[in-house]
Amino acid sequence: AGLHAESPPRRRQIHERLADILVHRLDNASAAAKVWAGIVEEWPEDEQAAARLAQLHGASGDPDAALSVLGAHFTADEARKLALGMLSADDPRRLGLLRDEARMLEAAEVAEAPAAWAELRVCAPEDAEAVDHLIAHHEASGDIRALADVLKSSGRDLERAAEIYG
């Protein structure tokens with residue numbers, strides 16, 4: 001009898017325990033990702049397993065593999081949200097995902113659009129598109145203090161920002 005003779009739930013439990021040991025005791029995310037890849041292959045409908053596999057790919061320095069897993073197992077919106085959590089703040093793909101999300105929210109005229117542009121600015125403070133959208137939003141909403149903050153922090157129209165603060 002071997003591991004394959006075990007029932008599927010028991011086999012899954014053994015694989016998960018092995019992956020846990022590889023990550024936490026042996027500090028080998030790459031090997032653990034291979035174990036989780038087997039789990040995902042056997043249980044392709046298990047989104048939690050796919051998310052764990054993507055996370056391990058990211059931890060082992062393979063963000064392309066992580067993004068591939070996310071794209072294969074999740075809707076575009078779910079994959080985008082999970083990917084944002086995995087990519088470092090300075091990763092150009094993170095900036096692209098943030099920009100796409102902000103544009104999509106802006107086009108749909110969703111109230112969260114300014115927050116999405118602001119999140120992009122956290123990663124890329126000088127991003128002209130984000131600054132333009134935030135300025136337009138704050139002008140339209142009449143939020144003068146927020147407008148002054150964006151003008152000042154972006155280095156744009158410092159005289160106008162000083163007038164607002166003044």
Could you pull out every donor-acceptor pair under 3.5 Å between side chains of residues 103-123 and any protein atom, sequence neighbours left out?
unit_1	atom_1	unit_2	atom_2	d
Arg103	NE	Glu129	OE2	2.9
Arg103	NH2	Glu129	OE1	2.8
Arg103	NH2	Glu129	OE2	3.4
Glu106	OE1	Trp117	NE1	2.8
Arg121	NE	Pro125	O	3.0
Arg121	NH1	Ser153	OG	3.1
Arg121	NH2	Pro125	O	3.1
Arg121	NH2	Ser153	OG	3.1

What are the two closest non-hydrogen atoms of Val23 and Ala32, and how far apart are they? CG2-CB, 3.2 Å
Sequence neighbours excluded - salt bridge (charged side-chain N to carboxylate O under 4.0 Å, His left out) pairs with any residue from residues 32-46: Arg11-Glu42, Arg12-Asp46
Any side-chain heavy atom of His15 within less than 4.5 Å of one from Trp36? no
Identify whether Val150 and Ile144 are in the same connected component of the hydrophobic contact network (ILVMFWY, side-chain heavy atoms under 4.5 Å). yes
Using a 4.5 Å cut-off on heavy atoms from C-beta on, say whether the side chain of Asp143 contacts that of His137. no
Under 4.5 Å between side-chain heavy atoms, counting indirect links through other Ile/Leu/Val/Met/Phe/Trp/Tyr residues: same cluster for Leu56 and Trp43 or not? yes
Rounded distance [0.5 Å steps], CG in Asp132 versus CG in Asp127: 9.0 Å
Does any pair with a residue in residues 79-115 pass ring-ring contact (aromatic ring centres under 6.0 Å, His included), and if so which ones, sequence neighbours excluded? none
For the pair Asp20 and Arg25, find out whether any cationic side-chain nitrogen is under 4.0 Å from an anionic carboxylate oxygen. no
Can you name the nearest heavy-atom pair linking Leu151 to Ser154, along with the distance? O-OG, 3.2 Å
Ile135 vs Leu147 side-chain heavy atoms within contact, under 4.5 Å: yes
Which heavy atom of Ala33 sits nearest a heavy atom of Leu53, and at what distance? O-CD1, 3.1 Å
Separation of Gln13 CD from Leu18 CG (nearest 0.5 Å): 12.5 Å
Measure across Ala54 and Ala66 and return the closest heavy-atom pair with its distance rounded to 0.1 Å. O-CB, 3.2 Å
